[in-house]
Amino acid sequence: MTRDGVVSMAKKAQASRSWILLDSDGEGTILDVDKYAIMHRVQIHARDLRIIDPLLSYPSTILGREKAVVLNLEHIKAIITANEVMLRDPLDDNVIPVVEELRRRLPVRSSANLAQSEGRENLGRNYDAEPAEEEESPFEFRALEVALEAICSYLDARATELENAAYPALDELISKISSLNLDRVRKLKSGMTRLTARVQKVRDELEQLLEDDEDMADLYLSRKLEATASPASSAAPNWVSASPTIGSRISKAGKTSVATFHGNDDDVEELEMILEAYFMQIDGTLNKLNTLREYIDDTEDYINIQLDNHRNQLIQLELFLSCGTCSLTLYSLVAGIFGMNIPYSWKDDHGYVFKWES
């Protein structure tokens with residue numbers, strides 16, 4: 001390995017130590033720590049940390065662990081816990097907008113929304129029922145949504161740029177087949193193939209999550225943290241979940257009832273709706289690229305038909321020239337025969353062979 005290569009790897013390794021820690025208030029702190037400190041802080045294994053190593057090539061992954069979500073989506077490499085987000089390489093040009101969006105959306109809702117919620121709670125008391133409070137999404141879902149929105153928008157923007165460059169180039173190639181236009185389309189097709197593979201990996205990961213309720217349940221970090229922190233959750237008997245009256249009393253006393261918690265333990269509807277929305281967006285991007293691929297294939301077929309037509313014309317011209325050459329060859333054959341020094345019996349008694357010969 002050359003010295004430049006070693007220096008480049010050293011710079012990447014140094015950059016990979018840079019993290020930004022964002023809490024639930026959107027406050028950020030730059031950290032310069034190694035992987036062992038990260039593993040100890042969020043309690044994940046080394047194999048999970050390798051997934052977000054920029055020096056290694058891993059496909060897009062959303063991995064749920066006991067106390068963290070490991071996120072690897074293109075340039076977005078993050079670890080999400082129930083109350084903080086750790087984002088790698090915060091000074092990267094593609095990561096800076098993600099950091100700004102996290103700072104804007106991670107804090108809890110504004111006081112106006114809280115006042116509206118209090119009004120709804122007051123209305124709920126008239127029915128002697130549990131307050132109908134429309135709570136914010138859990139912290140980890142807000143962070144995950146920002147990451148998914150950023151990567152889906154990023155890939156869609158790249159697909160739009162590719163479309164804007166590809167369609168005029170293909171139309172120009174149709175009008176004029178040249179080496180320059182062919183090379184230009186070749187480069188665009190290579191870029192489209194790479195982008196399609198990247199979009200397909202993100203789509204496959206979202207589809208795999210949507211098809212497995214257990215994997216989605218692993219991403220509910222706040223729910224698991226609440227279960228661990230609740231003293232009644234481990235000691236509650238099984239009949240508590242079957243008694244709505246007792247469950248309601250426990251809920252009013254401790255904000256979250258054991259019955260409700262255990263009843264919603266497998267409820268992944270909220271996360272499923274989030275993932276479904278971005279799955280549809282990334283699927284639309286993939287369809288856009290597939291449409292572009294079909295247009296490129298149709299253009300290639302049209303170009304091949306044109307080239308076949310020109311080839312047939314050349315073959316027809318070659319056949320015409322060959323026929324003309326054969327016709328001229330017959331005259332040359334006759335002249336060659338008469339020009340040979342061969343004695344003929346039919347000219348013995350004549351002074352000349354042709355009438356006009358002197």
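Reckoned from all heavy atoms, side chains included, excluding hydrogens, waters and symmetry mates. Computed from a predicted model, the values in this text were never measured in an experiment.
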Is it the case that the side chains of [Y] and [X] hold a donor-acceptor pair, with the cut-off being a distance below 3.5 Å and no angle test?
{"X": "D156", "Y": "T285", "result": "yes"}
{"X": "S24", "Y": "E84", "result": "no"}
{"X": "N290", "Y": "E294", "result": "no"}
{"X": "S137", "Y": "E270", "result": "yes"}

Would you say the side chain of [Y] lies within less than 4.5 Å of the side chain of [X], judging by non-hydrogen atoms?
{"X": "L21", "Y": "V85", "value": "no"}
{"X": "L209", "Y": "I62", "value": "yes"}
{"X": "K201", "Y": "Y58", "value": "no"}
{"X": "I38", "Y": "I79", "value": "yes"}

Ignoring hydrogens and geometry, is there a side-chain-to-backbone donor-acceptor pair from [X] to [Y] under 3.5 Å?
{"X": "N287", "Y": "D283", "answer": "yes"}
{"X": "D48", "Y": "I44", "answer": "no"}
{"X": "N181", "Y": "K176", "answer": "yes"}
{"X": "E140", "Y": "S222", "answer": "yes"}

key: Among D89, V146, I151, side-chain contact (heavy atoms from CB on, under 4.5 Å) partner for I76   =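 Between I76 and the candidates, side-chain contact (heavy atoms from CB on, under 4.5 Å) is satisfied uniquely by I151.
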So, [X] and [Y], do they make that salt bridge, N to O below 4.0 Å?
{"X": "R50", "Y": "D53", "result": "no"}
{"X": "R105", "Y": "E101", "result": "yes"}
{"X": "R104", "Y": "E100", "result": "no"}

query = Is NZ or CZ of R293 both nearer than 6.0 Å to the six-membered ring centre of Y295 and within 45° of the ring axis?
reply =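 Judged by the rule, R293 and Y295 form no cation-pi pair.
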inquiry  = Tell me the closest heavy-atom pair linking L173 and I303, and the distance in Å.
reply    =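 Distance-wise, the nearest heavy atoms are O-CD1, 3.9 Å.
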task = Say whether L91 and I52 are linked into one hydrophobic cluster, either directly or through other cluster members, by side-chain heavy-atom distances under 4.5 angstrom.
result =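 Different hydrophobic clusters.
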